[in-house]
K.L.:
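I have a structure here, written as structure tokens, and I will follow up with some questions on it.
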Amino acid sequence: MSNIEQTVEIPHLGGSTVGCTFARPYDPALPTLVLINSYTTSAELYRPQFADPALGSAANLLALEPYGHGRTRASYQHFTYWDSAVAGLQALEALGIRETFVLGTSQGGWVAVRMALLAPDVVKGLIPLGTSMDFESPRSRDLGCWDGIGFNTPIVDAFADRVGEDWVVPDQFVDDVFDAALGGVSGEEREFWLATYRANYAGDAGRHRLRLSTVNLRDRDGLHGRLDDVRCPVLWLHGTADQVYSVANAQEEIRMFTRSPEARLETIEGGQHFLSASNPEEVDSAAIEFMKRWV
């Protein structure tokens, strides 16, 4: 069955359109697993999850695209990760979904946690993948995480000036993202993502969304002081081959969820930063067991 792609209108940021993708028609008898995608990707990041019949039978799969990504747009031109969390919650309300589990890859992880902080009655469980709860701090670099400031600042500078409507995101940018996130991709997969990025980041509006998404990644606030307010269970999955955020960082941060009924870190051998793409079988099976336990 083909995915169901739609948009919903919400009031946040002067009125917004949120890109939503269901794996199949919504079934109120099943729990819902919201999927939040990583930096500059879109709902297509979760193609392996949408194609998994076991996961699709266990839950409604709903990908929600953050501001700056995919089909999500706002009347206001600036936004933060907190705005994406509010937008996700308002989209759920518009769709009539009262409770959900939330899985987020990389930046999707900290959007997911923000959703749980803002609406603890809605978010019943968190599954962060390959993420960090810190800002891009010296502490995180000391623990083996990437230099996010060094990676992102040249992008912010390069995309600072207005461009014509024929502009599309450079191929090298896409290659750099997937080299860091997956250690590179096959030729067919590369062509898929090049076409997707060219569609999502075209013209001056596309340049601005891409640049602001990069500013948010580089300059975001950390969540360490808020994690003890998370009251739902947390299953953090992290790949041992993650080039962006380290297992050592995840080991420290999972202990900060002190008021969760359970906060557990599982490492996946050889898993990359975009863990749902590099190791979908392990991620999907872990998500199924987690939801069964906490539904």
Side-chain angles (χ1 to χ4, degrees), residues 1-28 30-47 49-50 56 59-105 107-124 126 165 169 196-217 220:
M1 184 179 294
S2 299
N3 299 334
I4 301 170
E5 298 182 353
Q6 64 185 90
T7 57
V8 296
E9 302 301 314
I10 62 167
H12 195 55
L13 292 188
S16 300
T17 300
V18 177
C20 309
T21 302
F22 280 100
R24 65 181 189 181
Y26 177 74
D27 181 352
L30 292 176
T32 296
L33 179 62
V34 167
L35 310 167
I36 310 291
N37 56 274
S38 53
Y39 167 68
T40 66
T41 66
S42 53
E44 285 84 357
L45 180 69
Y46 293 110
R47 286 172 295 148
Q49 283 64 52
F50 289 163
N60 298 293
L61 302 182
L62 170 60
L64 295 179
E65 293 168 322
Y67 285 114
H69 297 72
R71 294 157 292 155
T72 298
R73 302 286 185 272
S75 296
Y76 296 166
Q77 291 194 359
H78 282 262
F79 48 82
T80 69
Y81 291 118
W82 289 102
D83 290 315
S84 288
V86 171
L89 293 167
Q90 290 187 354
L92 290 171
E93 183 178 5
L95 291 166
I97 299 173
R98 296 182 178 180
E99 295 183 351
T100 185
F101 295 88
V102 188
L103 178 152
T105 299
Q107 71 167 15
W110 54 73
V111 172
V113 171
R114 284 167 169 80
M115 291 174 69
L117 288 167
L118 293 172
D121 292 339
V122 174
V123 179
K124 298 304 179 182
L126 291 169
E165 291 311 300
V169 60
T196 301
Y197 273 68
R198 290 166 186 160
N200 289 342
Y201 297 109
D204 194 60
R207 172 205 62 84
H208 186 266
R209 288 194 305 276
L210 191 151
R211 183 175 191 258
L212 190 51
S213 296
T214 308
V215 170
N216 284 340
L217 178 59
R220 72 184 184 279

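Predicted, not measured: the structure shown is a model, and the values here were computed from it.
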K.L.:
Looking only at atom types and distance, does a side-chain atom of Asp83 sit under 3.5 Å from a main-chain N or O of Thr80, one as donor and one as acceptor?
P.N.:
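Judged by distance alone, yes, a pair lies under 3.5 Å.
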K.L.:
Side chains of Pro31 and Phe101: does their closest heavy-atom pair fall under 4.5 Å?
P.N.:
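SC-SC contact between Pro31 and Phe101 confirmed.
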K.L.:
Closest heavy-atom contact between Thr7 and Gly19?
P.N.:
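Shortest heavy-atom separation between Thr7 and Gly19 comes out as CG2-CA, 4.2 Å.
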K.L.:
Hey, are Glu44 and Thr196 close enough side-chain-wise for a donor-acceptor pair under 3.5 Å?
P.N.:
no
K.L.:
Minimum heavy-atom separation for Glu65 and Ser42, please, with both atom names.
P.N.:
OE2-CB, 3.3 Å
K.L.:
Within the 4.5 Å heavy-atom criterion, are Leu103 and Ile36 side-chain neighbours or not?
P.N.:
no
K.L.:
What heavy-atom pair brings Phe50 and Ala23 nearest, and what distance separates the two atoms?
P.N.:
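In terms of heavy atoms, the two residues are closest at CD2-CB, 3.7 Å.
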K.L.:
Is it the case that Ser213 and Tyr39 place a side-chain donor and acceptor less than 3.5 Å from each other?
P.N.:
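No donor-acceptor contact under 3.5 Å links the two side chains.
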K.L.:
Is Tyr26 close to Leu95 at the side-chain level, that is, under 4.5 Å between some pair of heavy atoms?
P.N.:
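Sidechains of Tyr26 and Leu95: no contact.
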K.L.:
Check the pair Leu61 / Phe22 against side-chain contact (heavy atoms from CB on, under 4.5 Å), numbers first and verdict last.
P.N.:
CA-CA 6 Å; Leu61 302 182; Phe22 280 100; over 6 Å; no
K.L.:
Evaluate the side-chain proximity of Arg207 to Asp204: yes if any heavy-atom separation is below 4.5 Å, no if none is.
P.N.:
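Asp204 reaches Arg207 side chain to side chain.
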K.L.:
Checking Arg71 side chain against Gln6 main chain: does a donor-acceptor pair fall under 3.5 Å?
P.N.:
yes
K.L.:
Report, as yes or no, whether the 6.0 Å neighbourhood of atom CD on Glu93 holds more than 12 heavy atoms from other residues, nucleotides or ligands.
P.N.:
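Atom CD in Glu93 is not packed in, count stays at 12 or less.
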K.L.:
Would you say the side-chain atoms of Asn60 pair up with the backbone N or O of Asp27, donor to acceptor, closer than 3.5 Å?
P.N.:
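Yes, Asn60 side chain to Asp27 backbone: donor-acceptor pair under 3.5 Å.
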K.L.:
What I'd like to find out is whether the side chain of Leu217 reaches to under 4.5 Å of the side chain of Tyr81, using heavy atoms alone.
P.N.:
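Yes. Closest side-chain heavy atoms under 4.5 Å.
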K.L.:
Quick one: do Val111 and Trp82 satisfy side-chain contact (heavy atoms from CB on, under 4.5 Å)? Show the steps, please.
P.N.:
CA-CA 7 Å; Val111 172; Trp82 289 102; over 6 Å; no
K.L.:
Between Leu13 and Ser75, is there a side-chain heavy-atom distance shorter than 4.5 Å?
P.N.:
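A side-chain contact is absent here, since even the closest heavy-atom pair is not under 4.5 Å.
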K.L.:
Pick from Thr105, Thr41, Asn3: which one makes a side chain to side chain donor-acceptor pair (under 3.5 Å) with Tyr46?
P.N.:
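In the set Thr105, Thr41, Asn3, the residue that makes a side chain to side chain donor-acceptor pair (under 3.5 Å) with Tyr46 is Thr105.
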K.L.:
Could you tell me if the side chain of Thr72 sits less than 4.5 Å from the side chain of Pro66, heavy atoms only?
P.N.:
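Pro66 vs Thr72: side chains apart.
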K.L.:
So which atom in Gln90 and which in Pro11 form the shortest heavy-atom distance, rounded to 0.1 Å?
P.N.:
OE1-CD, 3.2 Å
K.L.:
Leu62 pairs by side chain to side chain contact (heavy atoms under 4.5 Å, CB included) with which of Ile4, Leu35, Leu33, Leu92?
P.N.:
Leu92
K.L.:
Could you give me the CA-CA distance, side-chain angles and deciding distance for Thr17 and Glu9, then say whether side chain to side chain donor-acceptor pair (under 3.5 Å) is met?
P.N.:
CA-CA 5 Å; Thr17 300; Glu9 302 301 314; 3.0 Å; yes
K.L.:
Are Thr21 and Arg47 close enough that a side-chain donor and a side-chain acceptor fall under 3.5 Å?
P.N.:
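Side chains of Thr21 and Arg47: no pair found under 3.5 Å.
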K.L.:
Determine whether Val122 and Thr100 make a side-chain contact, defined as any pair of heavy atoms from C-beta on separated by less than 4.5 Å.
P.N.:
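In contact.
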K.L.:
Donor-acceptor pair, distance only, cut-off 3.5 Å: does the side chain of His69 make one with the backbone of Tyr67?
P.N.:
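Indeed, once roles are kept as given, a pair shorter than 3.5 Å links the two residues.
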K.L.:
Which heavy-atom pair separates Val8 from Cys20 by the least distance, and what is that distance?
P.N.:
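Scanning both residues, the minimum pair turns out to be CG2-SG, 3.8 Å.
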K.L.:
Closest approach of Leu118 and Ala85, non-hydrogen atoms and distance?
P.N.:
CD1-CB, 4.0 Å
K.L.:
Checking Arg209 side chain against Asn200 main chain: does a donor-acceptor pair fall under 3.5 Å?
P.N.:
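Yes, the answer is positive, given that a donor and an acceptor are paired below the 3.5 Å cut-off.
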